[in-house]
Amino acid sequence: MSGEKIKAIYGTKDILPDEAVIWQRILSVVSRMASNYNYGFINPPIFEATELFTRGIGESSDVVSKEMYTFRDKGDRSLTLRPEGTASVVRSYIEHSLGARGGVFKVWYAGPMFRQERPQAGRYRQFYQFGIEAIGSSDPSLDAEIISLNRSIFSELGIDDLELSLNSIGMPGSREAHRQAFSDFINPMLGEFCGDCQRRFSTNPLRMFDCKEAGCQDRLAGAPVILDYISAEDREHFDRVLEFLELAGITYKIDKRMVRGLDYYTRTAWEIKSKRLGSQDSISGGGRYDLLVEQLGGQPTPGIGFAAGMERVILAMPDGAAGGSGRKTGVYIAIRHERFKTEAFKLSQALRGIGVPADLDYLGRSLKAQMKQADRSGLSHTMILAEDEMDRGAGIVRNLENSKQFEILLVDIYKMSGGHQFGEAIEKGEG
RNA sequence: GUGGGUGUAGCUCAGUUGGUUAGAGCGCUAGGUUGUGGCCCUUGAGGCCGUGGGUUCGAGUCCCAUCACCCACCCCA
């Protein structure tokens with residue numbers, strides 16, 4: 001009678017109610033902390049013109065060159081499911097002339113991103129990020145502010161065991177100078193590196209720093225690092241960022257070898273890693289993008305931001321914080337006899353009407369089974385409708401945590417709800 | 001795109017050198033308590049042993065193929 005089961009697409013997954021609770025907690029923390037720093041919320045579409053990403057992220061990046069979900073719509077336009085959020089926010093900033101409001105444009109966002117990579121621990125093809133962007137200033141204190149916000153969200157979620165790596169990759173000119181020096185350093189001994197590194201040397205030389213081979217690491221020991229090649233202005237900027245971070249009491253580790261994968265980054269770049277994760281241990285990453293607005297057709301405007309991966313944040317959260325333990329204030333209505341069903345339904349509506357969460361049995365099960373269900377429902381109380389008490393117009397309220405019970409007159413509940421019709425029904429002795 | 005691993009109940013997993021009705025724990029159902037959850041005891045339901053082919057008297061077990069998932073590489077959140 002049924003065909004083959006349809007399953008979720010490779011690399012995607014359902015966020016089931018238990019996990020959704022953790023989601024809501026994270027997003028409420030992000031929302032609250034963003035509000036503390038006076039960031040508003042923005043919600044761009046999840047698909048955009050393909051060109052936004054090819055121009056923004058860069059044709060040569062892995063994300064654009066081989067990981068995008070790109071398709072044509074019926075108007076033969078090339079569209080792409082967003083692989084990241086910053087490009088969309090910048091597009092929106094330009095499109096609505098948000099810079100004309102004066103001041104710095106500060107926003108946060110959250111939602112699904114799409115990259116066609118091979119899934120593994122902490123990596124999905126549809127994954128979720130929240131991100132924070134500040135467009136319109138190159139002031140170093142803004143760098144420190146947004147890094148602080150990044151850090152604070154994680155501490156608020158109880159995540160420790162984190163490592164904040166920081167670097168400045170300068171502006172494109174200094175990167176070119178470094179690239180040259182790096183090549184000159186490596187070239188004479190290129191043959192001694194592993195196969196992967198030899199390949200990286202031609203595609204993305206700085207990635208060689210990430211190689212896990214000990215031999216390669218040894219040979220890289222004295223290699224030129226980008227931080228030594230940045231301009232005096234970039235250096236000055238970076239030093240100021242460090243000062244502000246210290247003022248904010250934020251501990252960081254300068255990682256002179258850190259590079260970032262998206263082409264638009266300039267100057268300050270950072271990454272936060274968790275030791276609780278597997279191979280994909282980076283839970284957030286960000287940096288300045290002082291040339292991006294201009295690249296996407298706007299006035300030259302500096303910007304900075306970061307994105308964090310929800311799935312990885314959850315993996316990094318301590319187990320205790322992940323599972324909610326307490327009961328939610330509310331009432332599960334259990335009945336001793338089917339003839340109380342109508343009353344139970346009315347009561348549930350009245351309780352919900354006055355803001356008390358209420359639930360009841362829909363399967364016609366025994367009182368014992370209903371009590372069991374009440375226990376599992378996670379609600380704090382059961383209200384039992386049984387013969388003796390109902391004769392007096394009362395129900396039994398049982399606290400599911402300490403098992404204490406008392407009687408309550410149903411009319412009192414109906415009075416609170418403000419509807420007299422229910423109370424009348426009781427007085428007529430329907431129960 | 002490249003490697004390695006794993007597919008048996010809703011979940012986590014056992015399953016002997018191929019042998020007859022495929023098991024456990026947890027979860028779920030009903031009862032022990034004719035008016036009350038958690039602990040305990042009993043009971044019941046639930047499996048094309050991923051799929052297709054092959055070897056064999058006989059396959060969850062061996063062989064081939066295929067699909068799916070997981071982990072890692074690459075790269076990234």
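Residue numbers begin at 1 in each chain, while the letters A, B, ... track the order of the sequences. Atoms considered below: every heavy atom in the structure, side chains included; atoms not considered: hydrogens, waters and symmetry mates. Values in this document were obtained by computation on a predicted structure and should not be read as measured data.
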**Prompt:** Could you give the CD-to-P distance, from A:Gln280 to B:A72, as a whole number of Å?
**Reply:** 7 Å

**Asked** Looking at the side chain of A:Ile396, which of B:U36, B:C75, B:U29 is the nearest nucleotide?
**Response** B:U36

**Request:** Looking only at side-chain atoms of A:Gln405, point me to the closest of B:C75, B:A77, B:U36.
**Result:** B:U36

**Message:** I want to verify a distance call: between B:C73, B:G35, B:A30, whose nearest atom is closest to the A:Asp388 side chain?
**Reply:** B:G35

**Fill in**
Out of B:U36, B:A77, B:G35, minimum distance to the side chain of A:Ala386 belongs to B:G35

**Asked** Which nucleotide, B:C70, B:G37, B:A72, lies nearest any side-chain atom of A:Gln120?
**Response** B:A72

**Message:** Without decimals, in angstroms, what is the distance between A:Glu67 CD and B:U2 C1'?
**Reply:** 15 Å

**Prompt:** Counting only heavy atoms not in A:Arg179, do more than 12 fall under 6.0 Å of its CZ?
**Reply:** no

**Request:** Quickly work out the A:Ile6 CD1 to B:G50 P distance and round it to whole Å.
**Result:** 22 Å

**Prompt:** The side chain of A:Asp62 lies closest to which of these nucleotides: B:U29, B:A77, B:C75?
**Reply:** B:C75

**Asked** What about A:Arg398, does its side chain sit under 3.5 Å from the base of B:G37 through a donor-acceptor pair?
**Response** yes

**Asked** Is the base of B:G31 touched by the side chain of A:Ser366 through a donor-acceptor pair closer than 3.5 angstrom?
**Response** no

**A:Arg312 vs A:Ala8, nearer the 5' end of RNA chain B by closest nucleotide** = A:Ala8

**Asked** Using Watson-Crick and G-U wobble pairs whose two distances are both under 3.5 Å, how do you write the pairing of RNA chain B as dot-bracket, with | for links to another strand?
**Response** (((((((..((((.....[...)))).(.(((.......))).).....(((((..]....))))))))))))....

**Message:** With no hydrogens and no angle check, just 3.5 Å: does a side-chain donor-acceptor pair link A:Gln180 and A:Tyr229?
**Reply:** no

**Nearest-Å distance once atom C1' is located in both B:A14 and B:U61** = 14 Å

**Item:** Under-4.0 Å salt bridge between A:Lys13 and A:Glu19
**Value:** yes

**Asked** Which listed nucleotide (B:A72, B:C28, B:A30) is nearest to the side chain of A:Arg365?
**Response** B:A30

**Asked** Do you know which of A:Asp143, A:Asn150, A:Asn167 makes side-chain hydrogen bond (donor to acceptor under 3.5 Å, both in side chains) with A:Trp270?
**Response** A:Asn150

**Request:** Please evaluate the base of B:U36 for a donor-acceptor partner in the side chain of A:Gln370 within a cut-off of under 3.5 Å?
**Result:** no

**Item:** Of the listed nucleotides B:C28, B:U36, B:A77, the one nearest the side chain of A:Leu367
**Value:** B:U36

**Message:** I want to verify a distance call: between B:U29, B:G31, B:C73, whose nearest atom is closest to the A:Lys368 side chain?
**Reply:** B:G31

**Asked** Ring stacking, A:Tyr10 with base of B:A68, under 5.5 Å and under 30°?
**Response** no

**Request:** Using a strict 4.0 Å threshold on nitrogen-to-oxygen distance, state whether A:Asp375 and A:Arg327 make a salt bridge.
**Result:** yes

**Message:** Could you tell me how far B:C39 sits from B:G50 if I compare only their C1' atoms? Round to whole Å.
**Reply:** 39 Å

**Message:** Below 4.0 angstrom, which residues in residues 106-119 of chain A have at least one non-hydrogen atom near RNA chain B?
**Reply:** A:Arg115, A:Glu117, A:Arg118

**Request:** Classify the side-chain pair A:Tyr128/A:Gln126 by whether it contains a donor and acceptor separated by less than 3.5 Å.
**Result:** yes

